[in-house]
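Here is the structure we will look at.
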Amino acid sequence: MKPVVFVLPGNEPLGEKLTASGSFEAGEFTLRNFPDGETYARILSDVADKHIFVLCSLNNPDPKLLPLVFFADVLREFGAQKITLIAPYLSYMRQDIRFNPGEAITSQTFAHLVAHYFDELLTFDPHLHRYHSLDELYTIPAKVLHAAEPIAHWIKKQVAKPVIIGPDRESKQWAADISSKIDAPYVVLTKVRHGDADVEITLPSIEQYKEHTPVVIDDIISTATTMMQAVKQLVAAGMQAPVCVGVHAIFAGDSFQQLKNSGVAQVVTCNTVTHPSNQIDVSAQLLEQII
Ligand code: R5P
């Protein structure tokens, strides 16, 4: 019996790659809003005794969560044997500490909700900073997949003489891993965040890489402030126009356009979040894990 994959709205490009593999039955469903804004959810496929995958990337998560809960609940009622949430981008990973009294640690509440409705979670490169593993948060098996391999492959094919740039301390893990895969040097910058869209970036000495193409790599591009500040400092230091690579294309407001206008050579992302900048395909990593 083939597992069934339900591809929730907005996830079609990656979903098509999963169904095209022939390893899944494509789940049929209706998900819409009543005129008053409430959700109508109906599954049309037979799910009894089957392993069910629900593909739903969790960028802009709040409007997605309640439909996801209704969906998981009805799958369970109709006899799904196991329900795996594939959330290529996992939200609510950055609010991992109480900075001020009374603040909600939303990462915990969010994890409790997901774990209550799903049996398993699959995600790509979650933002693990103060949490070292998803197991510290999730009580269900939570598997982490990595985009480093397809990113390294893309850089090797598309960028001449790259130097990998990690814009902050946390990005060192990706910068080091990717640079070792393509035998390129890497440099990690120093970032201090003063506010949502206010970051300060400083460069170490980078003189010896003037002939290289800087490839700035970050896990999340949200307001793109980190990327834009890194680009600004690199260009001011006399480096070539940087290529910006993000795993997860969140791009709040008009930040994609702002970043494209900031003196970059290119902006590319992985297809963990559907976006016009998607050029790096992670479906092989997903299929390898599932099949
Ligand atoms: C934070 O430490 C992350 O790794 C990213 O650097 C951050 O989320 C990027 O956010 P923004 O695009 O808003 O600067």
Side-chain angles (χ1 to χ4, degrees), residues 57-62 87-99 103 105-107 110 123-134 136-137 144-148 151 164-179 186-204 214-236 242-270 272-278 280 282:
S57 207
L58 289 169
N59 53 310
N60 190 21
D62 293 13
Y89 172 68
L90 182 61
S91 50
Y92 282 109
M93 287 301 296
R94 289 182 289 175
Q95 297 174 49
D96 53 4
I97 193 172
R98 202 184 318 278
F99 292 99
E103 278 178 359
I105 305 181
T106 50
S107 53
F110 189 79
T123 190
F124 277 89
D125 293 307
H127 188 77
L128 292 170
H129 179 202
R130 277 168 283 255
Y131 297 118
H132 299 104
S133 147
L134 285 183
E136 291 172 35
L137 256 185
V144 172
L145 310 180
H146 299 285
I151 291 176
I164 307 300
I165 309 287
D168 54 23
R169 203 157 38 95
E170 291 113 281
S171 63
K172 185 178 174 189
Q173 49 185 313
W174 298 288
D177 188 18
I178 290 165
S179 74
Y186 76 92
V187 175
V188 176
L189 315 185
T190 304
K191 174 171 99 178
V192 180
R193 186 178 283 280
H194 300 294
D196 288 345
D198 182 10
V199 306
E200 204 181 310
I201 284 193
T202 42
L203 249 58
V215 181
V216 189
I217 296 185
D218 208 353
D219 57 342
I220 304 170
I221 310 180
S222 181
T223 63
T225 312
T226 301
M227 280 291 185
M228 286 189 285
Q229 283 305 318
V231 168
K232 190 173 165 191
Q233 298 304 331
L234 288 163
V235 171
V243 172
C244 294
V245 177
V247 178
H248 305 295
I250 302 300
F251 289 115
D254 66 347
S255 57
F256 180 47
Q257 201 49 50
Q258 283 186 41
L259 179 57
K260 284 205 298 184
N261 295 341
S262 70
V264 300
Q266 262 193 95
V267 180
V268 306
T269 59
C270 301
T272 56
V273 174
T274 307
H275 189 267
S277 60
N278 291 168
I280 302 173
V282 297

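The structure presented is a predicted model; accordingly, all values stated were derived computationally and were not measured. Counting starts at 1 for both ligands and their atoms, in listed order.
At least one heavy atom of A224 sits less than 4.0 Å from an atom of ligand 1. Contact annotation: H127 has at least one heavy atom less than 4.0 Å from an atom of ligand 1. Heavy-atom separations between R94 and ligand 1 include at least one value shorter than 4.0 Å.
When the heavy atoms of D125, D218, T226, V199 are ranked by distance to atom 6 (O) of ligand 1, first place goes to D218. In the candidate list D219, I220, I201, D219 is nearest to atom 3 (C) of ligand 1, counting heavy atoms. Within the set M227, R193, R169, the minimum heavy-atom distance to atom 10 (O) of ligand 1 is found for R193.
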Test log, rule side-chain contact (heavy atoms from CB on, under 4.5 Å), inputs F256 and H275
CA-CA 10 Å; F256 180 47; H275 189 267; 3.5 Å; yes
Could you walk me through whether D62 and Y92 pass the side chain to side chain donor-acceptor pair (under 3.5 Å) test, one step at a time?
CA-CA 10 Å; D62 293 13; Y92 282 109; 2.6 Å; yes
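Taking a cut-off of under 4.0 Å to the non-hydrogen atoms of D168, the atoms of ligand 1 that pass are 2 (O), 6 (O).
The residue Q229 has no part lying near ligand 1, judged by heavy-atom distances below 4.0 Å.
We find the CD1-OG1 distance between I221 and T226 to be 9.5 Å, quoted to the nearest 0.5 Å. Separating the CG atom in L128 from the CE atom in M93 is a distance of 4.5 Å, to the nearest 0.5 Å.
At the top of the distance list for atom 2 (O) of ligand 1, counting protein heavy atoms only, stands E170 OE2, 2.8 Å. Regarding atom 13 (O) of ligand 1, its nearest protein heavy-atom neighbour is T223 OG1, 2.5 Å.
Judged by distance alone, the side chains of Y186 and D177 never bring a donor and an acceptor atom under 3.5 Å apart.
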